[in-house]
2 protein chains.
Amino acid sequence: MMAAMARAATTSDVFNAIAEPQRREILALLRAGERPVTELAQELGMTQPRTSKHLRVLREVGLVRDRKAGKQRLYGLDARGLRPVHEWTGGFERFWNESFDRASASSPAPISPRTR
Amino acid sequence: MMAAMARAATTSDVFNAIAEPQRREILALLRAGERPVTELAQELGMTQPRTSKHLRVLREVGLVRDRKAGKQRLYGLDARGLRPVHEWTGGFERFWNESFDRASASSPAPISPRTR
DNA sequence: CCATCATATGCCGATATCGGCATGCGTCAA
DNA sequence: TTGACGCATGCCGATATCGGCATATGATGG
């Protein structure tokens, strides 16, 4: 019955799904269109089981969809889930543009917004 | 000396750093300005060690900077590292807008965009 | 120099994650 | 029906990651 609980639920969250380089590659490839597992595996140089597992994660967070096509199973992109990530990072846009003054500059005074 | 190598190098990569919800919270908070560790911990309701550890990860990937301020150590945002993430997801913008036709629609034919 | 505040670290336990390999299962062709 | 193909899974081993707790370290004020 769990003794201390380590690590908070991670997977099944888009941010986590795209934290894996290979999964990002899969998504990038799928922009060109649907593809069967084997083909993806081949193009990315990874084994089939490995590819399937990554696809499973992507499917669980809703970034890809699959549909059967005879013997094969075609995976297609469903990028809608990436939008929240884009927007979240977008919330920092003014910070990477405004060269974050007070943070790097030679600010001599404003120690911190500690009211007291 | 490692026998089979499991899991590819993860940390020290921005995508991974922001995969942690709490780290995202820290970044969001820092948009309001620099803050000492204890204050962050307090505002986020987490222990100090935990906060320090997350800050360390963020620092290692360059998303935050720290500077000493007397007894304290102020952490400030350096969002430049988020830009790549924003751009990467931006590469999928047309896909979440164009309601990815062929993927969900009742496509009866185009099995796959294999050129040949 | 000593007590104290502010942080960083080390160590441990409990998972979660990844990869490989073998195998299960469904579909299609002969 | 039987085989071959295409893909999903299960199981295992090797880490990586997170959290808690105690403690080391650094700086400050007496």
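Atoms considered below: every heavy atom in the structure, side chains included; atoms not considered: hydrogens, waters and symmetry mates. Chain A is the first sequence line, chain B the second, and so forth, proteins listed ahead of strands; every chain is numbered from 1.
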Could you check A/Arg67, A/Arg73, A/Gln72, A/Arg65 and say which one makes a side chain to side chain donor-acceptor pair (under 3.5 Å) with A/Glu34? A/Arg67

Does the side chain of A/His54 get closer than 4.0 angstrom to OP1 or OP2 of C/dT17 through an N or O atom? no

For the side chain of A/Lys53, starting at C-beta, report the closest nucleotide among D/dT9, C/dT9, C/dT7. D/dT9

Please determine whether a side-chain nitrogen or oxygen atom of B/Thr47 lies at a distance below 4.0 Å from atom OP1 or OP2 of D/dG20. yes

Write down the distance between CD (B/Gln42) and C1' (C/dT7), rounded to a whole number of angstrom. 15 Å

Measure CG/A/Leu58 against C1'/D/dA8 and give the value in whole Å, please. 15 Å

Is the phosphate of D/dA27, meaning OP1 or OP2, less than 4.0 Å from a side-chain N or O of B/Lys68? yes

A/Asp66 side chain reached by A/Val37 side chain, heavy atoms, under 4.5 Å: no

Looking at A/Arg73, does any N or O in its side chain come under 4.0 Å of the phosphate oxygens OP1/OP2 on D/dG6? no

Of the nucleotides D/dT9, C/dA8, C/dA6, which has the atom closest to the A/Arg56 side chain? D/dT9

Taken to the nearest whole Å, CZ/A/Phe15 to C1'/D/dT17 is 19 Å

Does the ring centre of B/His86 sit less than 6.0 Å away from the ring centre of A/Trp96? yes

Phosphate OP1/OP2 of C/dA6: any B/Thr38 side-chain N/O under 4.0 Å: no

From C/dA8, D/dC18, D/dG6, pick the nucleotide closest to the side chain of B/Glu20? D/dC18

Could you tell me whether the phosphate oxygens of D/dG26, OP1 or OP2, come under 4.0 Å of any side-chain nitrogen or oxygen in B/Lys71? no

Interatomic distance where CZ belongs to B/Arg35 and P belongs to C/dA6 [whole Å]: 16 Å

Kindly say if A/Gln22 contacts the phosphate of C/dG19, meaning a side-chain N or O under 4.0 Å from OP1 or OP2. yes

Roughly, in whole Å, what's the span from CG in B/Leu55 to C1' in C/dT9? 14 Å

Under 4.0 Å: is that the gap between some side-chain N or O of A/Arg50 and OP1 or OP2 of C/dC18? no

What integer distance in Å separates B/Asp66:CG from D/dG26:P? 15 Å

Nearest-angstrom distance from the residue atom CG of B/Asn16 to P of D/dA16: 12 Å

Given DNA chain D, 5'-ward residue of the pair A/Gln48 and B/Gln48, judged by closest heavy atom: A/Gln48

Does A/Tyr75 have a side-chain nitrogen or oxygen under 4.0 Å from the phosphate oxygens OP1 or OP2 of D/dA8? yes

A/Arg23 side chain reached by A/Ile18 side chain, heavy atoms, under 4.5 Å: no

Which whole-number value in Å describes the distance from B/Asp13 CG to D/dA16 C1'? 14 Å

Closer than 4.0 angstrom, basic N to acidic O: yes or no for A/Glu20 and A/Arg24? no

Cation-aromatic face contact B/Arg35/B/Tyr75, 6.0 Å, 45 degrees: no

